[in-house]
2 protein chains.
Amino acid sequence: MPPRTKPLRKDAQRNRDLLVTTARELFAARGLDVSLDEIARTAGVSSGTLYNHFPERADLVEAVFADRVATVAEIAEHALAMADPWAGLVHFLERVCELQAADRGYNDLVSRRLPQAPPTEEHARGYESMVRILDRARESGALREDVTLEDMAFLTWGTARTVEATAAVRPQAWRRHLALMLDGLRATAARPLPEPPLRPDELAEIMRACS
Amino acid sequence: MPPRTKPLRKDAQRNRDLLVTTARELFAARGLDVSLDEIARTAGVSSGTLYNHFPERADLVEAVFADRVATVAEIAEHALAMADPWAGLVHFLERVCELQAADRGYNDLVSRRLPQAPPTEEHARGYESMVRILDRARESGALREDVTLEDMAFLTWGTARTVEATAAVRPQAWRRHLALMLDGLRATAARPLPEPPLRPDELAEIMRACS
DNA sequence: AAATAAGTTGAGAGTACGGTCAACTTATTG
DNA sequence: CAATAAGTTGACCGTACTCTCAACTTATTT
């Protein structure tokens, strides 16, 4: 469906696109904390124009990473299409971590969750698929029984920090971190866990809180 | 051994102590990024005095957390005194994570390593003990063969991020994260790892690089 | 009780950031 | 080709932080 809003003037559209692609590059290289003035300067427009198109930083971040939600949903669906449920889970997590490792901005994003964008249907799609990836792996007997979707946050947070720390020295180090965690997720590795899983609403609150 | 430098004037010593304890409290509550002016103001001295005692932020951080190195060394030695090597390793990691969970400043510190203080003999003591904790657990057959001391960094980084994210909502959530990682560290869970461990010099470089 | 050394003060310089807006320029429309 | 709406500009405001220094105060020494 075409957007309901009237189209931008063509120079405005050009500037907007310029800002998004410039921000994408700067975010990818240096993380989400690049100054907005620098983005505008690099894009060759004034800071006023940036604020005109994106009143808050979160708006720009959302525009830059809008397609990522769909990308993750596609990865999840591809994982579900794999024959082996465990291999599907591993594939999904590896691909998502690769996205993180390839883009410091995205790595910041999954770890800190700046934009509280309203959950789209794309979001719901990805969420559904992730639930099914986990259920399937659990039912197959490969994934431990006591692990929940919310536990995947530990994995994301952990590898995000490792990606950040090791990017300059050993860009693939996160694969080792992930593999160690995966070995802890197997049913055969399971020992009783000391703390109940995060409830969905708790995780939602954590995400909302940014930081 | 008493310090070689001439003793401070007594009011100077009082101000210095005041600054350190104030900084300790503020760091613990709000992390390492508290403004130095605020620390001075809270301590009831002028900012000039703060900069007189601690020319750089790192100097203050070092003074605040100077004893932590020894604390960790003691925890490690206590872990080594335990009969069961695996239990010793678990105990060590749990205690260190408890330190992180109890102090946001320390959590920042282990995760970002601000001060490049010259490694003291206390450092060496802790390091030695950690090596022995791991060796002992490995030789007992409980810890997987292919895991190194450098791999513990993944654990520290990961739980640090989890502690940070979950502190407000579920302060004990890190225990679950840690338990999942521990299950991946058992010899019985071991599957081939996809990436060689970080070399000691690589880890050192990562630490040096701050961030 | 001077004399001297040690330490403190707080205003302010310098920097960087997010954000605003009246004046200006450009695209589109009839 | 006006007329008008849309968009841009960049100087400027406010804020927050690090860091400095000349004038001042306090402790210590003889």
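Sequence lines set the chain letters: A, B, ... in the order given, protein chains first and strands last, and positions in each chain run from 1. Below, each value reflects all heavy atoms present in this structure, side chains not excepted, and no hydrogens, waters or symmetry copies.
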Novice: Would you say a side-chain N or O of S46(B) is under 4.0 Å from OP1 or OP2 of dT9(C)?
Specialist: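 Indeed, a polar side-chain atom of S46(B) lies that close.
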Novice: Between S35(B) and P7(A), who's closer to the 5' end of DNA chain D by nearest nucleotide?
Specialist: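 Going by which nucleotide is closer to the 5' end, it is P7(A).
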Novice: Of the options dT20(C), dT9(C), dT8(D), whose atoms approach the side-chain atoms of V45(B) most closely?
Specialist: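 Nearest to the side-chain atoms of V45(B), counting from C-beta on, is dT9(C).
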Novice: Salt bridge between R112(B) and D33(B), side-chain N to carboxylate O under 4.0 Å?
Specialist: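 Looking at D33(B) together with R112(B), the answer is yes, because their closest N to O distance falls below 4.0 Å.
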Novice: So which one's nearest nucleotide on DNA chain C is more toward 5', L36(A) or G48(A)?
Specialist: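 Its nucleotide being nearer the 5' end, the pick is L36(A).
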Novice: Between N15(A) and dT8(D), does any side-chain N or O lie under 4.0 Å from OP1 or OP2?
Specialist: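 Indeed, a polar side-chain atom of N15(A) lies that close.
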Novice: Could you give the CG-to-P distance, from L8(B) to dT28(D), as a whole number of Å?
Specialist: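 In whole Å, dT28(D) P and L8(B) CG are 11 Å from each other.
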Novice: For R41(A) and dC17(C), what is the distance between atoms CZ and P respectively, to the nearest whole Å?
Specialist: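 It works out to 8 Å between those atoms.
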Novice: Under a 4.0 Å threshold between the charged nitrogen and the carboxylate oxygen, would E98(B) count as salt-bridged to R175(B)?
Specialist: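 Salt bridge: yes.
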Novice: Hey, what do you get for OG1 (T166(A)) to CD (E202(B)), rounding to the nearest 0.5 Å?
Specialist: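 Going from the OG1 atom of T166(A) to the CD atom of E202(B) covers 9.5 Å.
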Novice: Separation of L32(A) atom CG from dC17(C) atom C1', in whole Å?
Specialist: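 Interatomic distance, CG of L32(A) to C1' of dC17(C): 16 Å.
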Novice: Between dG7(D) and N52(A), is there an OP1 or OP2 to side-chain N/O distance shorter than 4.0 Å?
Specialist: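 N52(A) to dG7(D) OP1/OP2: no side-chain N or O under 4.0 Å.
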Novice: Between dT8(C) and H53(B), is there an OP1 or OP2 to side-chain N/O distance shorter than 4.0 Å?
Specialist: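 Yes, H53(B) has a side-chain N/O under 4.0 Å of OP1/OP2 on dT8(C).
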Novice: Here's a test of your reading of the structure: between D11(A) and Y51(B), which maps to the more 5' nucleotide of DNA chain D?
Specialist: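 The residue closer to the strand's 5' end, by nearest nucleotide, is D11(A).
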Novice: Nearest to the side chain of R57(B), heavy atoms from C-beta on, is which of dT8(D), dA27(D), dT18(D)?
Specialist: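 So the nucleotide nearest the side chain must be dT18(D).
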Novice: Does T49(B) make a side-chain N or O approach to OP1 or OP2 of dT9(C) shorter than 4.0 Å?
Specialist: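 Yes.
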Novice: In this structure, are over 12 heavy atoms from other groups packed under 6.0 Å from R132(B) atom CZ?
Specialist: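 Not buried by this count: 12 neighbours or fewer within 6.0 Å.
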Novice: Return the value, rounded to whole Å, for the distance between atom CD of E38(A) and atom P of dG18(C).
Specialist: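 These atoms are roughly 10 Å apart.
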Novice: In whole Å, I'd like the distance from the CG atom of L18(A) to the P atom of dG7(D).
Specialist: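 In whole Å, dG7(D) P and L18(A) CG are 16 Å from each other.
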Novice: If the threshold is 4.0 Å, N to carboxylate O, is there a salt bridge linking R161(B) and E164(A)?
Specialist: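 No, R161(B) and E164(A) are not salt-bridged.
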Novice: Round to a whole Å and report the spacing from CG of D37(A) to P of dC13(D).
Specialist: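 After rounding, the gap between these two atoms is 16 Å.
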Novice: Rounded to the Å, how far apart are L50(A) CG and dG10(D) P?
Specialist: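 The answer, rounded to whole Å, is 14 Å.
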Novice: Return the value, rounded to whole Å, for the distance between atom CZ of R9(A) and atom C1' of dT8(D).
Specialist: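 Answer to the nearest Å: 8 Å.
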